[in-house]
2 protein chains.
Amino acid sequence: MIDLHSGVPRHRQLADELRTRIRAGDYPPGALLPSETRLSQEHGVGRGTVRRAVGLLRAEGLVDVASGRGTRVRMPTERQRVSVPRGSEVLARMPTAEERAELDVPDGVPVMVVSLGGRVRGVYAADRTLLTLS
Amino acid sequence: MIDLHSGVPRHRQLADELRTRIRAGDYPPGALLPSETRLSQEHGVGRGTVRRAVGLLRAEGLVDVASGRGTRVRMPTERQRVSVPRGSEVLARMPTAEERAELDVPDGVPVMVVSLGGRVRGVYAADRTLLTLS
DNA sequence: TATAATTTGTGCGTATGTATA
DNA sequence: TTATACATACGCACAAATTAT
């Protein structure tokens, strides 16, 4: 329930509640969340506030939002194992706009960059990749 | 310059322009961007549109926004080298709210999770960490 | 110390467009 | 075609944090 006088912003309260329900299994992977209009009515907040809340979950990589279709809990993706040689260096960051298009990286998903000897050897969408250091 | 009829959303056009100027050095690391009100006036868009544009750069980990102070281009952080043993598995994702508080992870910064034998050995803020395979 | 100005944060309502069912 | 659902964008008002006076 949203408390208007708790000091915690309403969009954050709503995001917290949705996140909790997702984790609890009320909205399992693949499930459709209520529409923005419904959430707006049921929680007594404006639709803009709902969109901010959903935007947070999106930035966390927790849900997928599609125009006209609705918001779904993201399915756990199959991670491809990528073997990385000794001496490699690994960092992670959010992708550039170019990388997002190039690698088809969804919202809220970082990339992992593998380098060796100062040269970049690979850039991987982090939701589809598990690096194994062999 | 923002084109109202290009089909590209205005907040995205503005984000692209700001990103380009940051990369070009017009706004070097540590520099303060114009205030939201100024950007709004200079580009002829509403403040909400400016906030969405800046929000994108924020989610990319490119800028730091502080209430009352303004928006600054993020300084490149010193990366601490963390040696990781053979056989480890590495993945990256956006942090949970708890991890963000715990590890003090800024906006737009992922975490790297190192596991060995199915057990999590470490969670690192990706902007301060460079994994090296030993 | 107190006040004002500046800047970001939150939230609402409204309108219109686009995508999907 | 119609209804539903998300996307973009504007304006307004007020709150909170910070800085300047």
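Every chain is numbered from 1 and lettered A, B, ... according to where its sequence line falls, protein lines coming before strand lines. If you're wondering where the values come from, they're calculated on a predicted model, not measured in any experiment.
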Taking A:Arg121 for the side chain and A:Ser115 for the main chain, is one N or O donor matched with an acceptor at less than 3.5 Å?
no
Mark yes or no for whether A:Arg58, through its side chain, and A:Arg52, through its backbone, hold a donor-acceptor pair below 3.5 Å.
no
Look at all strands and tell whether [X] reaches a base, only sugar-phosphate, or nothing, counting heavy atoms closer than 4.0 Å.
X	answer
B:Gly46	sugar-phosphate
B:Arg58	sugar-phosphate
B:Gly70	sugar-phosphate

Quick one: [X] [atom1] to [N] [atom2], roughly how many Å, whole number?
X	N	atom1	atom2	value
A:Gln41	C:dG13	CD	P	12 Å
B:Leu4	C:dG17	CG	P	14 Å
B:Asp3	D:dT8	CG	P	16 Å
B:Ile2	D:dC10	CD1	C1'	14 Å
A:Glu36	D:dA7	CD	P	6 Å
B:Leu39	C:dT6	CG	P	16 Å
B:Leu14	D:dC10	CG	C1'	15 Å
A:His5	D:dC14	NE2	C1'	15 Å

It should be established whether B:Arg10 places a side-chain nitrogen or oxygen under 4.0 Å from OP1 or OP2 of nucleotide D:dA9.
yes
Looking only at the side chain of [X] (C-beta and beyond, no hydrogens), which of the listed nucleotides [options] gets closest?
X	options	value
B:Val65	C:dT18, D:dT8, C:dG9	C:dG9
B:Ser35	C:dT8, D:dA9, C:dT20	C:dT8
B:Arg51	D:dA5, C:dG9, C:dG11	C:dG9
A:Arg52	D:dC10, C:dT10, D:dC6	C:dT10
A:Ser67	C:dA21, D:dT18, D:dC6	D:dC6

Can a salt bridge be assigned to the pair A:Glu98 and B:Arg23 using a cut-off of 4.0 Å between side-chain N and carboxylate O?
yes
Regarding B:Arg72 and B:Asp64, does a basic nitrogen lie under 4.0 Å from an acidic carboxylate oxygen?
no
d(A:Leu133 CG, A:Ser83 OG) to nearest 0.5 Å is 8.0 Å
Heavy-atom nearest pair, A:Tyr27 first then A:Leu32, reads CD2-O, 4.2 Å
May I ask which nucleotide in the shown strands pairs with D:dT1, Watson-Crick or G-U wobble, both distances under 3.5 Å?
none
Side-chain donor or acceptor of B:Arg47 under 3.5 Å from a matching atom on the base of C:dG9?
yes
Mapping B:Ala66 and A:Gly68 onto DNA chain C by nearest heavy atom, which one lands closer to the 5' end?
B:Ala66
Select from A:His11 and A:Arg69 the residue whose nearest nucleotide in DNA chain C is closer to the 5' end of that strand.
A:His11
